[in-house]
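Reading through the structure tokens given below for one structure.
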Amino acid sequence: MTAGNFTGNGHSDDLVVRWSDGETTMYKDTRLSELGSEVMLVASPNWQPAAPPLRTYPDHSRP
């Protein structure tokens, strides 16, 4: 885990974490009371997308 200025905004308010499963995540614009927005930099080797998106048609119906 390390903190610094990784987004170029001039503030050392970003946090980069390498998790035990190999995933690396950055939290941008972290504040004293909350983590900033999460960005996955490197996925875990075991990471799988949740599910393919549903196909939506112009009339908003589903197959």
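Quick note: residue numbers are just sequence positions, from 1. Since we're looking at a predicted model, the values are computed, not measured.
Both Y27 and M1 are members of a single hydrophobic cluster when ILVMFWY side chains are connected at heavy-atom separations under 4.5 Å.
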For residues 31-45, run the donor-acceptor check on the side chains, cut-off 3.5 Å, and write out each pair with its distance to 0.1 Å, sequence neighbours left out.
{"unit_1": "S44", "atom_1": "OG", "unit_2": "D21", "atom_2": "O", "d": "3.4"}
{"unit_1": "S44", "atom_1": "OG", "unit_2": "N46", "atom_2": "N", "d": "3.2"}

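With sequence neighbours excluded, the residues satisfying side-chain hydrogen bond (donor to acceptor under 3.5 Å, both in side chains) with T7 are D14. Residues satisfying the side-chain hydrogen bond (donor to acceptor under 3.5 Å, both in side chains) criterion with T30, sequence neighbours excluded, are absent altogether. Applying the side-chain hydrogen bond (donor to acceptor under 3.5 Å, both in side chains) test to N5 and every residue at least two apart in sequence or in another chain returns nothing.
Rounded to the nearest 0.5 Å, atoms NZ (K28) and CG (D13) are 10.5 Å apart.
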